[in-house]
Amino acid sequence: MNVTVSGYYGFHNTGDEAIALSISRELKARGHAPLLLSREPAQTAAAYGCASAARMSLPGLLRSLLGAQMVWSGGGGLLQDKTSSRNLTYYLTLIRAALLLGRRVVVFNQSIGPLSLEGGARVARVLSDRRIQVIVRDRASLETLRRLGVQATLGGDPALLLAPSAGLTPRPETVVLAPRGDVQDANAGLRTLAHHLRERGRHVVALSFHPGVDDAAAHALGADEVISTSDPQRALDTIAAAGYVVGVRLHAVILAAAAGVPFAGVSYDPKVAGFCDDAGAASVGTDFDPAQVCGLVQKNTAPDWAQVEEMRARARESFDLALK
């Protein structure tokens with residue numbers, strides 16, 4: 001079966017690329033043919049070994065929808081209007097177009113929101129269509145949709161199904177800090193946290209998940225090492241070899257969960273707190289006390305690994321549910 005997948009792919013954001021990697025692998029493993037809509041379709045096709053098409057080319061989009069038996073919207077945090085109402089318009093329009101063409105549509109392992117009142121009404125109008133199957137990746141999104149009158153199923157982020165490379169050398173003294181370039185109040189706290197950790201003999205790695213966006217923030221932390229990558233496998237391997245992760249970037253903590261590395265989230269957006277809550281993990285606001293978070297690292301404060309395993313199982317089962 002041909003499955004066209006819409007997401008924030010081809011923008012060199014490691015979190016979204018981790019989703020692309022997992023979705024393409026899982027669909028191919030089940031005997032299906034994914035096509036990822038991307039800003040850089042040639043790069044996406046080469047990276048994930050599947051078909052890809054330009055996300056903003058009308059002829060390419062039409063061919064991608066006509067050639068599919070199913071259309072997936074997601075994963076990721078696509079249905080929100082916090083960053084721009086244009087993003088919401090784009091993804092809702094794709095869903096409507098797929099329905100008009102008679103394609104089966106799945107909203108796949110998304111976080112929903114933040115949404116304005118108008119944005120919430122728009123999402124409710126589209127997703128209330130009973131032809132759409134809706135799967136979300138966190139309980140907070142489930143509740144958001146319940147308030148909007150939309151039925152949904154709880155799944156899990158696809159990146160939870162990724163595995164580190166074999167033969168990594170563990171470095172328990174290493175702490176990975178993953179900033180966001182546009183969350184300055186959190187970055188100030190991370191700089192102080194890096195200082196506290198280095199004073200205590202920890203090796204601090206600043207991991208830039210979005211080269212060109214997070215690089216300046218990563219270099220400003222005063223870390224022992226800075227790694228900038230949009231390769232999800234390299235990011236996962238960097239995390240898997242560490243002893244602890246503190247992430248502003250959502251997929252820093254998701255990849256830590258996938259690798260079995262203790263983590264704490266810095267919640268600049270409800271989706272970070274939502275993931276940490278579901279995982280039984282610590283999360284703090286962007287105005288966090290660096291000494292408090294340093295204490296979490298020193299105590300090796302971990303999530304509830306049983307809850308993480310449940311999330312991983314839901315992520316795996318969501319593919320079977322969507323493909324029924």
Side-chain angles (χ1 to χ4, degrees), residues 1-7 9 15-36 48 50 68-79 91 95 98 103-113 127 129-146 150-164 232-233 236 240 250-251 253-261 263 271-272 274-281 303-324:
M1 179 163 49
N2 295 331
V3 183
T4 291
V5 185
S6 169
Y9 308 134
D16 292 291
E17 298 306 319
I19 293 171
L21 175 61
S22 181
I23 287 178
S24 58
R25 279 183 179 174
E26 293 295 322
L27 284 174
K28 288 190 291 183
R30 288 166 168 79
H32 302 287
L35 182 152
L36 303 182
Y48 307 123
C50 65
Q69 285 76 51
M70 294 183 67
V71 176
W72 288 10
S73 177
L78 308 181
L79 297 182
Y91 293 112
I95 290 171
R103 295 325 186 241
R104 184 177 164 210
V105 176
V106 180
V107 172
F108 189 70
N109 282 322
Q110 286 204 39
S111 290
I112 308 298
L127 298 195
D129 191 313
R130 294 302 179 91
R131 292 173 293 174
I132 302 172
Q133 183 178 16
V134 182
I135 303 171
V136 295
R137 64 183 176 183
D138 58 72
R139 288 185 172 86
S141 296
L142 207 61
E143 176 60 21
T144 296
L145 289 179
R146 186 196 65 78
V150 176
Q151 293 184 342
T153 300
L154 182 62
D157 193 284
L160 286 168
L161 302 179
L162 296 177
Q233 193 64 53
L236 175 58
L250 171 63
H251 275 86
V253 295
I254 290 177
L255 293 182
V261 174
F263 62 87
K271 64 187 179 183
V272 180
F275 178 82
C276 291
D277 288 345
D278 285 358
D304 183 326
W305 292 116
Q307 289 179 217
V308 170
E309 191 51 45
E310 287 178 12
M311 296 168 79
R312 195 192 326 270
R314 289 198 303 269
R316 185 172 291 107
E317 290 163 5
S318 68
F319 281 89
D320 299 324
L321 182 64
L323 290 164
K324 272 185 180 178

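Given the structure is predicted, the values throughout are model-derived calculations rather than measurements.
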Side chain of Q69, backbone of N2: donor and acceptor closer than 3.5 Å? yes

Donor-acceptor pair between Q110 and S141 side chains, under 3.5 angstrom: no

Output all residues satisfying side-chain hydrogen bond (donor to acceptor under 3.5 Å, both in side chains) with Q151, sequence neighbours left out; order by chain, then residue number. none

With salt bridge (Lys or Arg N to Asp or Glu O under 4.0 Å) as the rule and sequence neighbours excluded, what pairs involving residues 313-324 come up? R30-D320

Closest heavy-atom contact between L162 and R25? CD2-NH1, 3.8 Å

Tell me, do S111 and F275 make a side-chain contact under 4.5 Å, heavy atoms counted? no

Taking side chain as C-beta onward, heavy atoms only, is L160 less than 4.5 Å from I254? yes

Taking only residues two or more places apart in sequence or in another chain, which ones pass side chain to side chain contact (heavy atoms under 4.5 Å, CB included) with Q307? D304

Taken in chain and number order and not counting sequence neighbours, the residues that satisfy side chain to side chain contact (heavy atoms under 4.5 Å, CB included) with A98 are L65, V71, R103, V105

Report yes if the side chains of T153 and V134 come closer than 4.5 Å at any heavy-atom pair, otherwise no. no

Nearest heavy-atom neighbours spanning S318 and I135: O-CD1, 3.9 Å

Test of understanding: with side-chain hydrogen bond (donor to acceptor under 3.5 Å, both in side chains), list the residues that count as partners of Y91, not counting sequence neighbours. R55

Shortest non-hydrogen contact between G74 and Y9, atoms and distance: O-OH, 3.5 Å

Table please: side-chain donor-acceptor pairs of residues 15-23 below 3.5 Å, with sequence neighbours left out.
unit_1	atom_1	unit_2	atom_2	d
E17	OE1	Y48	OH	2.5
E17	OE2	G10	N	2.9
S22	OG	P158	O	2.6

What one should report as the nearest heavy-atom pair of C50 and P34 is CB-O, 3.6 Å

For G7 and L78 the tightest heavy-atom approach is CA-CD1, 3.9 Å

List for me each residue that meets side-chain hydrogen bond (donor to acceptor under 3.5 Å, both in side chains) alongside T4, sequence neighbours excluded, and say none if there are none. none

The criterion is side chain to side chain contact (heavy atoms under 4.5 Å, CB included); which residues satisfy it with V308, sequence neighbours excluded? A257, A279, P303, W305, R312

For residues 137-146, the salt bridge (Lys or Arg N to Asp or Glu O under 4.0 Å) pairs (sequence neighbours left out) are R137-D157, R139-D278, E143-R146, E143-R147

Backbone N or O of A163 within a donor-acceptor pair of the Q233 side chain at under 3.5 Å? yes

Going by the rule ring pair (Phe, Tyr, Trp, His ring centres under 6.0 Å), which residues pair with F108 if we only count those two or more places apart in sequence or in a different chain? W72, F319

D129 meets the side-chain hydrogen bond (donor to acceptor under 3.5 Å, both in side chains) criterion, sequence neighbours left out, with R131

Exercise: identify the closest heavy-atom pair between V136 and L142: CG2-CD1, 3.7 Å

Show the numbers, then the answer: is there a side-chain contact (heavy atoms from CB on, under 4.5 Å) between I95 and L127? CA-CA 9 Å; I95 290 171; L127 298 195; 4.3 Å; yes

Is there a side-chain contact between Q133 and V107, using heavy atoms and a 4.5 Å cut-off? no

CG-OG distance between L35 and S6, expressed to the nearest 0.5 angstrom: 11.0 Å

